[in-house]
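Just so we're on the same page: letters track the sequence lines, and every chain starts at 1.
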Amino acid sequence: MAKVKLPDGKLLDVPDGTTIGEIAQKIGAGLAKAAIAAHIQGRTVDLSTPVKGEVDLRILTTKDPESIEIQRHSCAHVMAEAICRLWPSTKLVYGPTVRDGFYYDIDLDEPVRPEDFERIEAEMNKIVTADSPMKRIEVSRQQALQKVAGDPYKTDNIQRATGDVISFYSHGDGFADLCRGPHVPSTGKVGFFKIMSVAGAYWHGDASQKMLQRVYGTCWPTKKDLQDHLDRIEEAKKRDHRIIGRQLDLFSFHDEGPGFAFLHPKGMIVWNAIIEFWRKVHDRYGYSEIKTPIILNEALWHRSGHWDHYKENMYFTTVDEVNYAIKPMNCPGGLLVYNTHKHSYREFPMRVAELGLVHRYEASGQMHGLVRVRQFTQDDAHIFCMPEQIESEIIGVIELVQELYGAFGFKDYHIELSTKPAKHIGSDEIWEIATNALAGALKHKGLAYQINEGDGAFYGPKIDFHIEDCLKRSWQLGTIQLDFSMPERFELVYTAPDNTEKTPVMIHRAILGSLERFLGILLEHYAGNLPLWLSPEHARVMPISEKTNEFAERLVVRIKQAGLRSSLDASSDKIGAKIVRAHADKVPYMLVVGPKEAEADSVSARIRGGQDSKIVSVQQWIEMTKNKIAEKAMDLAI
RNA sequence: GCCAACGUAGCUCAACGGUAGAGCACCGGUUUUGUAAACCGGCGGCUGAGGGUUCGAUUCCCUCCGUUGGCUCCA
């Protein structure tokens, strides 16, 4: 007899070899029906698993968050079977779960097209309706290799798998796929799904390998969850910075310059508001600012190591038969400035910032609105210091990051620490010291971080700050990079307290990262409803009729004199239409004025997104708005 | 760069291989308006570019450019 301990502490005696499914049945028909898989001794297993001895058992139902992972994984298998039925020459490669769903990589010469999705779904529905059991078949590694002989993908999967027992899952009717499991008990339990997209994907993510087709699907426990997810995607699309940028007339892109953003007047207002604030904070944190040229002699880039490590991403030009490079980074220029005179340890830490315009060649398939471009402005800085100052300087940068991100309303970002890449300069010893200093600073600030093995820059390890866009794609904003190599290449020195010349340590750092990317992320974060201090237009003055146009015109002038931004909607439209337009432009304050307001020198103020209006004096509104801007207030309430 | 899809007016979208349309925007006029779209009229296109098939191509085929979603790469 096996002793089964249930989550509520109850003990159940069942004969050895009883399956978990049978136990669920014993506990109740409802549970058996909802059961997806089980936790046993801390492992997730199939319901067909037999029990023996003393076990802790928890049956997972569709209500448990863990079970959706299993459903999605099983759904991937159902899709794989459906695709194999439709295209019998399909070779299956790999089908994991991802956020919100799953994908399956397949090797099939004929392209799967979006118009095929319905057929695939229909075939999947047949498999689901059949509700055939998903049976686990365990074989030895040797037998498994025999079973998949001739299939390079599955053979590779087995070779990568650990353990001596290799499992396959069959849905009956001849379909079986190599899989670790666990799976839902039968094909009817995979939940509600939809095929979303198909894209190319290299085998093992290696561009030299064959390109496979990756079919993406989403899968949810209930029909409503599926619909909610599809609705969320629709909502997210409305936040897309590329759409908002056009709607609000902030920036544009043109065929004449792919990957090069054109900023419009309203976009420049936001841009300048960001920079103005950035300069103020950097000044407070003890930074000076420089500006270095965009085009510099190619020889500089040989010396810096960029020629050997970054050439593929650089633009070049020739003037008077001399070769020049368009800078992809600001550091070499900054180092030339450093070397214009001698430095003392007394100047250290020396923090030198630069809003540097850099160009990086990106393959055509990489570009994405403002967040992945070929020309961007880095909010760069280079800190020169002594080795013993590294950790406190890194801590200072982290504090600056937190202050800046906080001011813009970003709270959800994650941190990565990237270590030595295969292609690098500098000794292993130097890399270790640098990496430890970065990790030490993060620990000191009590920040959680993820380690990215081998993902550092060629000249040093780095800390990166990442944030997600509206489609849940993660983008890097800030970066802190330690560099012991560049100062040596450029023979940077400082005079130490003992009157010897030493090589300084250099920290590269960018906080907003790329101003273009930052603007894009900012727009998505606020769905275009920028905080007051960043809004291109603080208020729009809207006269009820032409009778009040004159008062309205004077009001716009007074608002400008107060240092605020407003525009006038003097069109012959009725007030309702003006309000609609102001909302479309996401203007924070709508100042409606008619004869009554003109008489009392007041405005009927409406807040973006709201329904009601409030009468306040012009003076009051100006004071309040100025205060809110000074405080960078998020709340528009009057 | 690779795989797939897409590209029609400033924007959002129509148009079985048979004379390219609508709404919004813009311009003109009427209306003088009180809080999420008043009315009438007008302007607007080498259908991304180039080639091919066809009596005839926005539509079918090819090449290029660009965009979108992925892959790889990166701020």
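For residues 586-602 of chain A, the side-chain hydrogen bond (donor to acceptor under 3.5 Å, both in side chains) pairs, not counting sequence neighbours, are A/Arg558-A/Asp601. Listed by first and then second residue, the salt bridge (charged side-chain N to carboxylate O under 4.0 Å, His left out) pairs involving residues 239-251 of chain A are A/Asp240-A/Arg242 (not counting sequence neighbours).
Using a 4.0 Å heavy-atom distance criterion, A/Ala199 is classed as a base contact. Backbone-only contact: A/Gly576 has heavy atoms under 4.0 Å from sugar-phosphate atoms and none from a base. No contact: A/Arg509 has no heavy atom under 4.0 Å from any strand. In this structure, A/Val373 reaches the bases: a heavy-atom distance under 4.0 Å links it to at least one base atom across the strands shown. Heavy atoms of A/Met367 sit under 4.0 angstrom from primed sugar atoms or phosphate atoms, though from no base atom.
Partners of A/Phe316 according to the ring-ring contact (aromatic ring centres under 6.0 Å, His included) rule, which considers only residues two or more places apart in sequence or in another chain, are A/Trp307. Under the ring-ring contact (aromatic ring centres under 6.0 Å, His included) criterion, A/Tyr202 pairs with no residue at all, not counting sequence neighbours. Every residue two or more places apart in sequence or in another chain that forms a side chain to side chain donor-acceptor pair (under 3.5 Å) with A/Arg540 is listed here: A/Glu537, A/Ser567, A/Asp585. Here A/Arg113 pairs with nothing under the salt bridge (Lys or Arg N to Asp or Glu O under 4.0 Å) rule; sequence neighbours left out. For A/Asp231, the side chain to side chain donor-acceptor pair (under 3.5 Å) partners at least two apart in sequence or on another chain are A/Gln227. Applying the side chain to side chain donor-acceptor pair (under 3.5 Å) rule to A/Glu115 yields no partners; only residues at least two apart in sequence or on another chain are considered. Residues passing the side chain to side chain donor-acceptor pair (under 3.5 Å) test with A/Asp228 are A/Lys224, sequence neighbours excluded.
Ring-centre distance between A/Phe193 and A/Trp220: not below the 6.0 Å cut-off.
Bounding nucleotides for the chain A contact on RNA chain B, 5' to 3', at a heavy-atom distance below 4.0 Å, are B/rG1 to B/rA75.
Paired runs in RNA chain B that reach 3 or more consecutive Watson-Crick or G-U pairs, where each pair keeps both distances under 3.5 Å, cover B:1-7 with B:65-71, B:10-13 with B:21-24, B:26-30 with B:38-42, B:48-52 with B:60-64.
Each of A/Phe408, A/Trp278, A/Phe376 was scored for a ring pair (Phe, Tyr, Trp, His ring centres under 6.0 Å) with A/Phe518, with one residue passing: A/Phe408.
For the contact set between residues 226-251 of chain A and RNA chain B, defined by any heavy atom under 4.0 Å, the members are A/Arg242, A/Arg246.
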